[in-house]
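Accompanying notes for the structure given below.
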Amino acid sequence: MVLIRELEHRVVAVQIGHWERDAIGKWRFEQDPNERQRNMRLREGDGIDTITTMLKQEYNISDVETRLKLTFRWPSWMLLVDDGTTRPQTIKTDNDMDLFLSMKVDVADLILFVTRKNDAGVVTESPTLSNSADSDDNSGDSKRPDPWNERLDGLMSKKISNLEVCSASTVPSYADEENTFFGVDLSMGVFGRDAAPFLDNNIDGGNTVVDQAIDDATYEGDDIFVGRVYKNKEDFKFKMAIHALQRKFHFRHTWSDKKVVLLNCVADSCPWRVYVVRLEDSDNYQVRSACLEHTCSVEARSNYHKQASARVVGEFMRPQYMGAGTGPRPGDVQRICLNDHRVPISYWKAWRARGIAMDGARGSMGNSYSLLPAYLHALKAANPGTLTALETTVDELGNQRFKYLFFALAASINGLKFMRKVIVIDGAHLRGNYGGCVITASAQDGNFQIFPVAFGIVDSENDRAWEWFLTMLRQILPNDPTVTFVSDRHSSIYSSLRKVFPNAAHAACVVHLQRNISSIFKAKTLSFLVSRAARAYRITDFHLVFGEICRVSPECGAYLKSIGFGHWARSYFVGERYNVMTSNVAESLNAVLKEAREFPIVYIVEFVRKTLMSWFAIRQETAKQEATMLTPKVREILQENFEKSGGFAVRKVNTGEYDVVGGAKGGYHVQLALRSCTCREFNFLKIPCPHAVAAAIVDQVPMHSLVDVHYTSCYWVMAYKDSINPVPALSSLHELPEDIASMNLLPPHTKRAPGRPKKKRFFSRGEFQVRATSLATFSYTNMYPIHRYKARYILMYPSIFFRRKGCEDRMFAQDARLRGTTGPLAACPYSKSHRASTYSEKFILNTLYPDMDVVNPVL
């Protein structure tokens with residue numbers, strides 16, 4: 001905004017014509033009908049002679065005898081009484097012209113009126129801005145002092161000579177002139193640059209000049225002059241603090257009540273003082289006297305940084321937190337204060353200032369709960385079919401307090417019909433003032449992208465919270481064996497699923513199981529062996545690996561048996577698990593929501609809605625453009641399987657049955673009609689394995705007919721056919737149901753932990769942090785080489801895998817940073833500085849480790 005004003009203040013609107021005064025004394029400017037309004041670029045310092053010459057050239061006035069008279073008039077919003085009788089102001093000297101151009105910066109609607117000496121009609125001179133006499137003035141009162149001249153001279157020139165210099169020990173009495181200013185009656189209220197004018201609403205067109213003046217109030221400078229009006233007491237305190245910080249001095253509040261505020265310098269011998277009074281019937285405060293001379297010592301002024309309180313810093317940092325993103329961090333706030341305001345502040349003060357700024361920009365944490373019922377009502381009205389539930393408690397005083405929140409958007413509910421019924425549930429801690437957890441339930445679409453189903457906000461991950469969330473989720477998910485839940489090994493999830501979804505299947509996340517194994521049993525090879533055993537398709541392959549686990553650690557084998565093979569091993573699992581072996585879907589969604597987890601609760605819900613709105617819109621367009629029968633990722637898998645099937649020998653057994661021989665493990669029996677293969681990859685993933693691809697080519701069966709219907713582009717389009725609509729501003733809601741309008745929802749009762757609030761979560765079992773040291777170094781942890789290219793810190797997840805050539809085990813992952821897409825090294829929540837491309841990662845890995853091949857984690 002500042003840049004725009006710098007560019008616009010030199011452009012001046014110019015009209016040529018003459019002034020007329022009617023019988024009742026009103027002045028109006030009659031523009032020459034043959035000359036249109038011009039916009040000329042003028043600048044301070046050119047002088048009136050130079051500008052007059054430019055005007056003659058602009059209007060093609062070649063007569064050297066023609067004299068130009070330059071005038072202007074105050075905008076209506078700056079006049080005490082706008083009845084049209086205020087005389088236009090004449091510009092006669094260079095100082096007058098410079099003052100006019102300087103006012104143009106703040107008063108955008110000033111127009112320069114040009115009158116030619118030989119114009120027809122009545123030509124009337126106007127009083128000048130300067131005090132010099134004008135021989136051409138024919139008005140008897142032209143030399144009468146105009147209060148607004150002195151007012152604007154103080155406003156625009158900022159001359160200290162116009163300020164009332166007073167003693168530091170005496171306070172002037174305004175008993176007889178409570179509503180006077182320079183002898184003018186102020187009982188009607190004076191508009192200051194910081195206070196909105198008292199005008200009636202203009203329904204027809206509005207007053208753009210007034211709107212601009214109100215908008216510019218935020219950018220008002222910190223200069224002090226007699227007559228300046230502030231919006232309210234808080235605005236006065238803030239701008240006085242900025243004034244003191246910029247000039248490096250310290251003041252104290254000698255007197256402060258609802259009507260009068262008196263500020264003095266901390267040094268008793270210094271005469272600096274500002275006295276403001278509240279205007280009658282308004283919240284505005286006006287400077288009545290000011291003495292800006294400082295005689296205090298350097299020692300007395302050295303504590304000027306105390307004026308930079310957390311509230312002051314938060315106020316001028318507030319614009320940095322408007323819009324998307326988390327805004328500056330506390331360390332950034334420290335640097336901004338030091339560089340821009342030359343004030344050093346502590347990290348703790350910067351942290352508190354950041355919280356105040358975020359509250360001002362996005363609403364406070366506590367007040368956000370009171371807006372939640374109205375927001376949920378607006379969300380359901382904008383998206384019919386959306387499911388919401390709000391659980392509250394009543395405290396000892398009878399107030400309603402927040403307890404649980406559940407919401408599932410209508411687009412997600414309708415799209416769930418076209419998803420594989422594998423639901424990944426997980427929770428993540430909120431980092432706001434009132435704590436709590438956000439719970440998510442997600443699925444995967446046919447293109448292996450995250451499909452959020454439902455969200456919940458609860459007090460913590462306990463039995464009651466999970467049971468309540470799953471009870472709400474049961475309204476959109478059936479309780480039957482076709483549904484499979486995947487989660488970590490949290491005890492509350494286990495007990496709640498047994499109560500709410502007793503008929504649904506439940507599988508453990510392999511990554512969390514590996515972490516438990518790594519922390520309990522210290523053998524380094526166990527984690528890798530557990531991963532191979534869990535992902536084995538055939539029972540024989542599983543027992544081969546499990547036997548190796550028992551040889552390495554019999555205790556680990558007994559521990560895995562106690563869990564139950566069907567709970568973590570794919571080969572023994574009863575139900576449809578497809579490729580979902582980990583909870584990376586939920587972890588990826590939590591990473592997307594990370595920046596919103598420290599915001600107010602309404603902002604969190606709105607952040608989720610906006611994120612899903614953009615996801616659905618992008619995927620809807622992408623799905624409609626798909627020209628084939630299958631989704632892009634499934635086509636990539638089939639292409640890879642086709643390349644692997646090149647060396648297989650296919651022999652027909654019966655109609656639709658083939659014996660496929662190839663590889664080191666002998667032959668496989670493929671039944672195309674039953675969509676099965678003895679390797680069992682086809683059975684579990686519902687996508688033709690290399691053996692099935694070879695048999696289908698011989699049998700001339702279309703490949704898309706062998707793929708599960710959930711992987712087809714038709715289901716992909718139907719999953720995202722509904723859009724998510726924006727929620728209108730809560731201020732525009734006028735008709736709310738009585739129960740919502742009357743609800744005063746308070747935040748939950750929480751006890752804040754001592755010390756600085758924790759921002760980083762505690763690592764889970766088997767999860768630790770490694771510092772990257774060079775460009776191309778690898779760390780073998782849990783037998784997995786982790787590439788640390790361009791990453792300062794990498795949080796190591798055993799779900800990042802590489803496959804040695806010739807091995808059959810596959811490890812799969814998902815990309816949290818790409819919001820649902822997949823790619824190599826995708827599951828690692830690497831730092832923001834990690835921006836290595838897929839191809840550069842593959843190139844470096846295959847170059848340094850030729851015996852390894854990077855797995856494309858698409859399954």
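Count residues from 1 along the sequence. Just so you know, these numbers use all the heavy atoms, side chains as well, and skip hydrogens, waters and symmetry mates.
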Could you measure the distance from the [atom1] atom of [X] to the [atom2] atom of [Y]? Nearest 0.5 Å is fine.
X: Ser442; Y: Asn590; atom1: OG; atom2: CG; value: 8.0 Å
X: Glu606; Y: Leu371; atom1: CD; atom2: CG; value: 12.5 Å
X: Thr392; Y: Met743; atom1: OG1; atom2: CE; value: 6.0 Å
X: Asp722; Y: Ile413; atom1: CG; atom2: CD1; value: 10.5 Å

>> I'd like to know whether the aromatic ring centres of Phe455 and Phe407 sit less than 6.0 Å apart in this structure.
In response: yes
>> Taking the six-membered ring for Trp, are Phe607 and Phe599 closer than 6.0 Å centroid to centroid?
In response: no
What do you reckon, is [atom1] of [X] surrounded by more than 12 foreign heavy atoms closer than 6.0 Å?
X: Met629; atom1: CE; result: no
X: Lys233; atom1: NZ; result: yes
X: Arg577; atom1: CZ; result: yes

Among side-chain atoms of [X] and [Y], is any donor-acceptor pair under 3.5 angstrom?
X: Asn447; Y: Arg635; value: no
X: Tyr711; Y: Arg420; value: yes
X: Asp488; Y: His490; value: no
X: Gln620; Y: Thr622; value: no

>> My understanding is that only residues two or more places apart in sequence, or in another chain, count here; which of them pass side-chain contact (heavy atoms from CB on, under 4.5 Å) with Ser583?
In response: Val424, Cys509, His512, Glu587
Any donor-acceptor N/O pair, [X] side chain to [Y] backbone, under 3.5 Å:
X: Lys403; Y: Arg401; value: no
X: Arg278; Y: Ser282; value: yes
X: Thr631; Y: Gly446; value: yes

> After noting the C-alpha distance and the side-chain angles of Arg464 and Glu467, does the key distance pass the salt bridge (charged side-chain N to carboxylate O under 4.0 Å, His left out) rule?
Replying inline: CA-CA 5 Å; Arg464 292 183 179 179; Glu467 183 177 348; over 6 Å; no
>> Could you go through Glu234 and Lys237, starting from their C-alpha distance and side-chain angles, then the distance that decides it, and tell me whether this counts as salt bridge (charged side-chain N to carboxylate O under 4.0 Å, His left out)?
In response: CA-CA 5 Å; Glu234 289 71 23; Lys237 290 181 178 180; 5.9 Å; no
>> Pair Lys231, Asp283 - check salt bridge (charged side-chain N to carboxylate O under 4.0 Å, His left out), show working.
In response: CA-CA 7 Å; Lys231 295 177 183 178; Asp283 292 332; over 6 Å; no
>> Applying the ring-ring contact (aromatic ring centres under 6.0 Å, His included) criterion to Tyr720, which one of Trp615, Phe451, Tyr715 satisfies it?
In response: Phe451
Atom pairs and distances, donor-acceptor, side-chain atoms in residues 480-487, under 3.5 Å, two or more places apart:
unit_1	atom_1	unit_2	atom_2	d
Asp480	OD1	Thr482	N	3.0
Asp480	OD1	Thr482	OG1	2.2
Thr484	OG1	Glu576	O	3.0
Ser487	OG	His506	NE2	2.9

> How are the rings of Tyr369 and Phe402 set to each other: parallel, tilted or perpendicular (split at 30° and 60°)?
Replying inline: tilted
> Which is it for Phe406 and Phe469 under the ring-ring contact (aromatic ring centres under 6.0 Å, His included) test, yes or no, and what are the steps along the way?
Replying inline: CA-CA 7 Å; Phe406 175 91; Phe469 176 80; 5.5 Å; yes
